[in-house]
Amino acid sequence: MVVLAAMLDLSLKEADMVLAQIAEMTAGRMWSLVGGVLGLAGVVLALVARRFALTAVGVGAAGAVIGALVVVFAKGGPGTGYGIVGGYVALVVGLAAVLVGLLRRRGVRAAGPSAG
């Protein structure tokens with residue numbers, strides 16, 4: 001903290017307040033984290049087991065929707081605590097889960113009922 005105070009020309013009390021604000025878990029950050037975890041779970045489901053491809057699409061879509069809502073309702077940019085960066089990450093990862101899940105689902109259909 002002393003290094004931060006020296007770098008930013010702040011007192012120790014001001015540097016402590018800056019660190020507390022950066023580390024605070026706001027609602028926007030929490031929701032973007034939830035969306036990102038759902039999107040990542042969708043990608044993992046889609047890649048690990050073909051039989052869960054449809055579940056992966058649903059989970060990924062939920063993550064993408066949460067990420068989009070975080071981005072839409074954010075009132076500030078990066079570093080303001082609204083979770084906009086995490087919202088964009090959740091949106092992209094959720095859409096990737098949907099895409100991978102749909103591609104894997106198509107592969108299950110093309111291979112026939114014995115695949116899975």
Side-chain angles (χ1 to χ4, degrees):
M1 183 168 37
V2 175
V3 174
L4 177 68
M7 287 174 47
L8 299 177
D9 195 28
L10 300 172
S11 69
L12 287 179
K13 187 175 182 177
E14 291 171 333
D16 189 40
M17 289 174 42
V18 168
L19 286 176
Q21 185 180 13
I22 291 172
E24 183 181 346
M25 184 58 76
T26 62
R29 288 176 178 163
M30 182 61 77
W31 278 112
S32 63
L33 182 64
V34 168
V37 168
L38 284 174
L40 185 62
V43 170
V44 169
L45 278 173
L47 291 176
V48 170
R50 276 195 205 175
R51 56 195 291 196
F52 297 122
L54 197 56
T55 304
V57 169
V59 171
V65 167
I66 290 172
L69 288 173
V70 169
V71 169
V72 166
F73 288 114
K75 296 177 183 161
T80 59
Y82 288 102
I84 194 163
V85 174
Y88 278 120
V89 170
L91 180 63
V92 169
V93 174
L95 290 177
V98 169
L99 180 64
V100 171
L102 288 175
L103 290 175
R104 295 286 286 193
R105 183 73 181 155
R106 182 176 175 201
V108 168
R109 262 195 235 146
S114 63

Closest heavy-atom contact between [X] and [Y]?
{"X": "Ala90", "Y": "Gly67", "value": "CB-CA, 3.8 Å"}
{"X": "Gly86", "Y": "Ser32", "value": "C-CB, 3.3 Å"}
{"X": "Tyr82", "Y": "Ala74", "value": "CB-CB, 3.8 Å"}
{"X": "Gly60", "Y": "Val98", "value": "C-CG2, 3.7 Å"}
{"X": "Gly39", "Y": "Ala97", "value": "O-CB, 3.5 Å"}
{"X": "Val70", "Y": "Trp31", "value": "CG2-CB, 3.7 Å"}

Just to verify, which of Val43, Val59, Val65 counts as forming a side chain to side chain contact (heavy atoms under 4.5 Å, CB included) with Leu38?
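Exactly one option meets the side chain to side chain contact (heavy atoms under 4.5 Å, CB included) with Leu38, and it is Val59.
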Determine whether Val100 and Val89 fall in the same hydrophobic cluster, where Ile, Leu, Val, Met, Phe, Trp and Tyr are linked whenever their side-chain heavy atoms lie under 4.5 Å apart.
yes
Distance check, rounded to the nearest 0.5 Å: Arg104 atom CZ versus Leu54 atom CG?
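Going from CZ on Arg104 over to CG on Leu54, the span is 14.0 Å.
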Side-chain hydrophobic cluster, 4.5 Å single linkage: members besides [X]:
{"X": "Val44", "result": "Val48"}
{"X": "Leu91", "result": "Leu95"}
{"X": "Tyr88", "result": "Val71, Ile84, Val85"}

